[in-house]
**Student:** 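My questions will all concern the structure given below.
Whatever order the structure lists ligands and atoms in, that order sets their numbers, starting from 1. The model shown is predicted, which means the values in this text are computed figures rather than measured ones.
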Amino acid sequence: MKRFLLSHLPSHFLLFFSLLTLVAAKCHVDDETGLLGFKSGITADPSGKLDLWKPGTDCCTWPVCRLSGYIYIENNKLSGHIPNNVGKMTQLDALSLEGNRFSGMIPSSISELTQLTQLKLGGNLLTGMVPDGIRQLKNLTFLSLERNLLSGTLPDFFSSFSNLRILSLSHNKFSGKIPESISTLAPKLGYLELGHNALTGKIPDFLGKFHALDTLDLSWNHFSGTVPKSFGNLTKIFNLDLSHNFLVDPFPEMNVKGIESLDLSYNGFHLGQIPKWVTSSPILYSLKLAKCGLKIKLDDWKPTQTYFYDYVDLSDNEISGSPVKLLNRTDYLVGFWASGNRLGFKLEGMRFVKTLKHLDLSRNLVVGKVPQAISGLEKANVSHNHLCGPLPATKFPATAFLGNDCLCGSPLPPCKM
Ligand SMILES: *[C@@H]1O[C@H](CO)[C@@H](O)[C@H](O)[C@H]1NC(C)=O
Ligand SMILES: *[C@@H]1O[C@H](CO)[C@@H](O)[C@H](O)[C@H]1NC(C)=O
Ligand SMILES: *[C@@H]1O[C@H](CO)[C@@H](O)[C@H](O)[C@H]1NC(C)=O
Ligand SMILES: *[C@@H]1O[C@H](CO)[C@@H](O)[C@H](O)[C@H]1NC(C)=O
């Protein structure tokens, strides 16, 4: 998802551009009051950045003026409440307080900032409900409130935002269903993240109408029922995460040219095979299908492309055979997780790609010796297999090797001479 976000964030460049090209302009009295009020609400500013905000200073030495309405104060460890005066800066186009330590509620005065196209309050400690007044911000294209402690049901106000392209509400404590009004975002929304909340109910059919959607994250919620057939119409989707819900079969046939990142892990799926639209994807880099009821022989699975593979998680399925050929076809693999399957092969025959950091082959039928190459990994687990022989020196704990036939040497008991 990270890779993708970059393409969505020209705003950072805009910010720098606008700060550098500003000409001197007198601070509008509302902006001055707004900024000073804002500053007075801050209880800690370890970076000292806000010291610049003094009455009578040229407003454009502050990150706001009548010419350019951007306030980006990101990752500055600012704490305190977001002051209600924030509503005075009515000319603001974009407000980002992302990655600070703001607590308390989002002030209702935020509804006064009707020119806002971007509102980013993610990565703070904000609590309470989303103020209904946000519905006044009709020009929003980017709304992110993710990684806070917000709660209550999602407000049913999305019909206000006819230009919204990015909506991120993940990692909060939202409950209840996906509100009906989200359906009005269908023509333009490209990015929808609602993961890591406590949302319930079925995944609505109308999501299949989001033809511009390329990223959808509904993971770590309590969604139940089937994934709507209408998902077959999400032809642009290339990041899809539905993991850790209570979804059941049948999974719809997708019509995508390629999927970049897919996670369907830990639901009630019994896919049997890895779907064709996954196998044929030319751009896949992250594939996570843990506990998806896969019953395949891994040697028989022939993905079109493996070059970009970074992460593969096939844990807790009924996969037999050997991953050796698959892993030998990857160049950048970082993590391979396949614990809890029936993989049976000689471990010393496996090629360890230089990029590999995480390997979990625990609870399989792997035989042979543990190769020296394993010591170069950050995390490894080959416990509960049929391995034998002396262990190479590693930093891994005993639980990474327990439950094999005859492994010996540190951290397990010494080998008998
Ligand atoms: C939204 O933007 C348009 C221009 O794109 C502008 O004319 C309009 O006034 C803005 N609406 C609000 C509520 O600021
Ligand atoms: C996909 O969209 C078309 C046209 O909008 C519609 O007729 C069809 O029923 C949709 N398919 C699914 C599976 O919803
Ligand atoms: C891995 O691939 C190389 C060529 O790319 C080949 O020479 C080698 O035999 C393969 N190893 C295994 C174990 O398949
Ligand atoms: C290795 O895997 C086993 C079983 O899957 C687990 O119990 C153990 O904690 C793991 N150890 C490490 C170091 O990951």
**Student:** For the pair S243 (side chain) and S265 (backbone), establish whether a donor and an acceptor sit closer than 3.5 Å, ignoring hydrogens and angles.
**Tutor:** no
**Student:** Under 4.0 Å from any heavy atom of P397, which atoms of ligand 4 are there?
**Tutor:**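 Near P397, the atoms of ligand 4 are 13 (C).
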**Student:** For the residue pair F269 and F251, does the interplanar ring angle fall in the parallel (under 30°), tilted (30 to 60°) or perpendicular (over 60°) class?
**Tutor:**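 Perpendicular.
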**Student:** Within a strict 4.5 Å, meaning less than it, do heavy atoms of the H211 and N233 side chains meet?
**Tutor:**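 Yes - at least one pair of side-chain heavy atoms lies under 4.5 Å apart.
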**Student:** When you compare the side chains of S109 and N84, does any donor N or O come within less than 3.5 Å of an acceptor on the partner?
**Tutor:**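 Looking only at side-chain atoms, N84 and S109 do form a donor-acceptor pair, the distance falling under 3.5 Å.
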**Student:** Side chain, backbone, both or neither: which part of S383 comes within less than 4.0 Å of ligand 4 when only heavy atoms are counted?
**Tutor:**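 For S383, only side-chain atoms sit under 4.0 Å from ligand 4.
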**Student:** Just heavy atoms, cut-off under 4.0 Å: does R363 contact ligand 4 by side chain, backbone, both, or neither?
**Tutor:**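 It is the side chain that gets close, since no backbone atom is under 4.0 Å.
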**Student:** Is it the case that over 12 heavy atoms from other parts of the model lie below 6.0 angstrom from the CH2 atom of W220?
**Tutor:**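 Counting other residues, nucleotides and ligands, CH2 of W220 stays at 12 neighbours or fewer.
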**Student:** Which of the atoms of ligand 4 are close to S362, meaning less than 4.0 Å from one of its heavy atoms?
**Tutor:** 2 (O), 4 (C), 5 (O)
**Student:** For atom 6 (C) of ligand 4, what's the nearest protein heavy-atom neighbour? Residue, atom name and distance, please.
**Tutor:**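 For atom 6 (C) of ligand 4, the nearest protein heavy atom is N381 ND2, 4.1 Å.
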**Student:** Give the residue and atom name of whichever protein heavy atom lies nearest to atom 13 (C) of ligand 4, and the separation in Å to one decimal.
**Tutor:** T399 OG1, 3.2 Å
